[in-house]
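Reviewing the structure listed below.
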Protein chains: 2
Amino acid sequence: MPYEEDEDEEPRACAVCGDQAKGYHFNALTCEGCKGFFRRAIKRSTQLRCPYMKKCIITKNNRRSCQACRFRKCQDIGMRKDMVMSEEEVMKRRTRIKQKKMYIASTQLSSQQEQTIEELLSAHHSTFDPVFSRFSGFRPMDRSVSPVSEYSQSASEPFNEPTCPENTCTSASKHGSDLTAASYAGFSSSSSSSCSFHHEEDEVKNCVFSALPHVTDLTTYMIKDVISFSKSLQEFRSLTIGDQISLLKGATFEIMQIRFNMVFNSETSNWECGHITYCIDDAVRAGFQPLLLEPLFKLHHTLRKLDLLEEEYVLIQAMSLFSPDRPGVQNHSLIDKVHEYLALTLKTWIDCKRTGPEKHLLFPKVIACFTEMRTMTEEYSKQILQIQDIQPDTISPLIMEVVSKSPCSDF
Amino acid sequence: MPYEEDEDEEPRACAVCGDQAKGYHFNALTCEGCKGFFRRAIKRSTQLRCPYMKKCIITKNNRRSCQACRFRKCQDIGMRKDMVMSEEEVMKRRTRIKQKKMYIASTQLSSQQEQTIEELLSAHHSTFDPVFSRFSGFRPMDRSVSPVSEYSQSASEPFNEPTCPENTCTSASKHGSDLTAASYAGFSSSSSSSCSFHHEEDEVKNCVFSALPHVTDLTTYMIKDVISFSKSLQEFRSLTIGDQISLLKGATFEIMQIRFNMVFNSETSNWECGHITYCIDDAVRAGFQPLLLEPLFKLHHTLRKLDLLEEEYVLIQAMSLFSPDRPGVQNHSLIDKVHEYLALTLKTWIDCKRTGPEKHLLFPKVIACFTEMRTMTEEYSKQILQIQDIQPDTISPLIMEVVSKSPCSDF
DNA sequence: CGCCGTTCACGGTGTTCA
DNA sequence: TGAACACCGTGAACGGCG
Ligand SMILES: [Zn+2]
Ligand SMILES: [Zn+2]
Ligand SMILES: [Zn+2]
Ligand SMILES: [Zn+2]
């Protein structure tokens, strides 16, 4: 009857120092300390020298005072060097584990990623107003002016635009499909028709900027919400003020367009912003030129056709915001990490939640849209500055702030 | 029930002087002061003598008054001499740490270095206008004069230069390749052909300086931007005004050339400055002589062939600016530190970001270009002064300021 | 569950500089 | 001189694998 067995349940002692040992390490019963010490000693492979008489008695308390004697004791009691993994073995193990992690990470969303999406959705819902109910007090838009719309040049009746004095852009919605089809086909057809507008300088004066005050108010309204969205993100707030400004300057236009895309109706080519419906001609009437509007219009169609879910839209907004290569960013590496994290989250989300064969193309297509938007951001700034030049004091200070290159600001 | 335990959570007192102790040092619980004192006492290894009765009571307040008794107390309470690292151990440690630092520094960019590059890029982008869109209001350039171009002497038809009154230097771009090949081959072939221009004094008068007003305007425009670039750098602003001026006087020519090199087309040997394209003959027509233009032309080819990235160009500009051995610099040591820091940053950047076998030669080649440029700076000043002598009041005051030797200025 | 490697806060060296 | 700092060995806790 061996009732005698425990005495301390597991009273085994380290063969090197006498400390409590929980198991065998490198072929000897040792404590955690001696285990780590032996591995490090092997990997360092440097000669150790005893400052005393090479006869140190190793105990739990003095084991740190003489590495040489401790190592000798390790070998004496039978710890085996060959049981320490070699450098290549370690490398193999590491890469194998990394691979596995990568696979897991691209197969299922981590709880952190799900939490991130939740935060983004929450931030988005509290700062985006899809029916534009808070958009009021704006200056009215005069749609009686029929712009020389470059988008209807290739259409059959370019000068037959009816006036649309109401809040709904009836012109676009009436024969909008024709116009869209014609212009949209034109965009993707050839480069010859894509820039048939080669008299910019003179034509600019024909534009009466009749929609500029309204578009300015709308844009200002949108920018405020974009800033609120960004500021309600934990990661964003943790950046320096300077970097926050740099990121906002770079991303505001893009995020605005992403948000407009959520209310874009690709059938009618209209943006259905609650009680007001906009068409591309409103942008023309605000003074923007085809060099921006053509690719922008195309982008909205391309992006809308992806039929993104809200989670995807909001991840795209965040990816745009955390673009590391905006002018003036200081903490490039951190922002790059966040950006990659968001991109991986989007990719994984698509892989997990989407079905169908086109899901593998969705992520690359989104990335392509980013490239498009990037060039448009620059062109937008240019055109805003041009408009500001011709029509001073119409564009709001907030818009100028976004467009300006000055590093200092106070959003 | 040992409720008596904390008293202040960590109220441990130095065993030597009673001051607050935060841990064990040399085998005894001591304060930071006694720790340092004991090490220094061991390393000095000189006998200490008590001026009193060898019975001093060491306290926190009087511990500095008797070294001998303090040291004796240290030994008495158990501080161990053998736990102070010996001189050789210290030396080994020092060299090991230095080695490691050197390795790390030459292997990966520190965050500070990355930030520096960001600052330089930002400063560059806001002060360099690669398409020369802000260059306007300049005096026109008369290219109808066909200079006795030394660069086409070895070519077959030296006097057949067509006129090029337009903004594009058609002569160089038309049969530019021939001209370039001939002249460039001439440079690198032998010393006999490299200075076939041995009638300087007389020939100078043949030159009509037809391009001088334009080149003056261009140079003035460039200098202003170089000054803006420098002034937007934190490190530069922190220097004294005198040193800022000394550095600018020394570096302006070099930085200008580096910037011109970014738009240099080595295929056509033209500088493509936005709407205007320049060739080397324009410099001839401005009155510059081969003693400057030959090595300058060669430099532009050499430098361009390195195919530098923007980050590298901007680091080179900064290295040129922070050259410690410019005439008149006061704070030589600080500027030297900045210069070495920038050089190491460039070297590390190349090691990290470049690939291919030629990356190891890139940095030395850049350094060689600096040597070349240094001699050209002096020659440039000389020739500007010569031209000023012949054609007074054409060269702008700003250029004269850069070239002058007077120590006082106000950029 | 046993035994690998990994991680990271902690403790105790030397170093710096006001 | 000593407070603050940089550096590195240590070992308890942990994750992965068989
Ligand atoms: Zn042990
Ligand atoms: Zn020993
Ligand atoms: Zn003390
Ligand atoms: Zn004494």
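Order of the sequence lines fixes the chain letters, A, B, ..., with proteins taken first and strands second; residue numbering starts at 1 for each chain.
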Exercise. Between atom CZ in A/Arg63 and atom P in D/dG9, what is the gap in whole Å?
Worked result: 17 Å
For this session: Could you state the atom-to-atom distance from CZ of B/Arg96 to P of C/dT13 in whole Å?
Result: 15 Å
For this session: Could you check how far NZ of B/Lys22 sits from P of C/dG12, rounded to whole Å?
Result: 14 Å
Problem set entry | Evaluation steps, side-chain hydrogen bond (donor to acceptor under 3.5 Å, both in side chains), between A/Glu311 and A/Trp349 | CA-CA 9 Å; A/Glu311 286 86 350; A/Trp349 165 277; 5.4 Å; no
For this session: Return the value, rounded to whole Å, for the distance between atom CG of A/Asp19 and atom C1' of D/dA12.
Result: 11 Å
Exercise. Could you give the CD-to-C1' distance, from B/Glu89 to D/dC7, as a whole number of Å?
Worked result: 16 Å
Got a list of protein N/O to nucleotides 4-8 of chain C N/O distances below 3.5 Å?
unit_1	atom_1	unit_2	atom_2	d
C/dC4	OP1	A/Phe26	N	3.4
C/dC4	OP2	A/Phe26	N	3.4
C/dG5	OP1	A/Met85	N	2.7
C/dG5	OP2	A/Arg39	NE	2.8
C/dG5	O4'	A/Arg93	NH2	3.3
C/dG5	N7	A/Arg39	NH2	3.4
C/dG5	O6	A/Lys35	NZ	2.8
C/dT6	OP1	A/Arg94	NH1	2.5

Problem set entry | All pairs passing salt bridge (charged side-chain N to carboxylate O under 4.0 Å, His left out) where residues 19-34 of chain B contributes a residue, at least two apart | B/Asp19-B/Lys60, B/Asp19-B/Arg63, B/Glu32-B/Lys35
Exercise. Can a cation-pi geometry be assigned to B/Arg39 and B/Phe26, taking NZ or CZ under 6.0 Å from the six-membered ring centre and within 45° of the ring axis?
Worked result: no
For this session: In sequence, state the C-alpha distance, the side-chain angles, and the governing distance for B/Val16 and B/Phe38, and then conclude on side chain to side chain contact (heavy atoms under 4.5 Å, CB included).
Result: CA-CA 11 Å; B/Val16 177; B/Phe38 185 72; over 6 Å; no
Problem set entry | N or O in side chain of A/Arg80 less than 4.0 angstrom from C/dC3 OP1/OP2 | no
Exercise. Charged N to carboxylate O under 4.0 angstrom, B/Glu312 versus B/Lys353?
Worked result: no
Seminar exercise, completed: Atom CD of A/Gln99 and atom P of D/dC17 are separated, to the nearest Å, by 12 Å
Exercise. Looking only at side-chain N and O atoms, does A/Arg64 come under 4.0 Å of OP1 or OP2 in C/dG11?
Worked result: no
Problem set entry | Contact summary for B/Ala21 and B/Ala13, nearest pair of heavy atoms | CB-C, 3.8 Å
Seminar exercise, completed: Contacts of A/Gly36 and A/Lys100 projected onto DNA chain D by closest heavy atom; the upstream (5') one is A/Gly36
Problem set entry | CA sep, side-chain torsions, deciding dist, call: B/Lys92, B/Glu87, salt bridge (Lys or Arg N to Asp or Glu O under 4.0 Å) | CA-CA 9 Å; B/Lys92 269 197 177 163; B/Glu87 198 54 41; over 6 Å; no
For this session: Would you kindly give the CD1-to-C1' distance between B/Ile104 and D/dC8, to the nearest whole Å?
Result: 14 Å
Exercise. Over how many whole Å does the gap from A/Phe38 atom CZ to C/dC3 atom P extend?
Worked result: 16 Å
Problem set entry | 5' priority, DNA chain D, between B/Lys101 and A/Phe37 [closest heavy atom] | B/Lys101
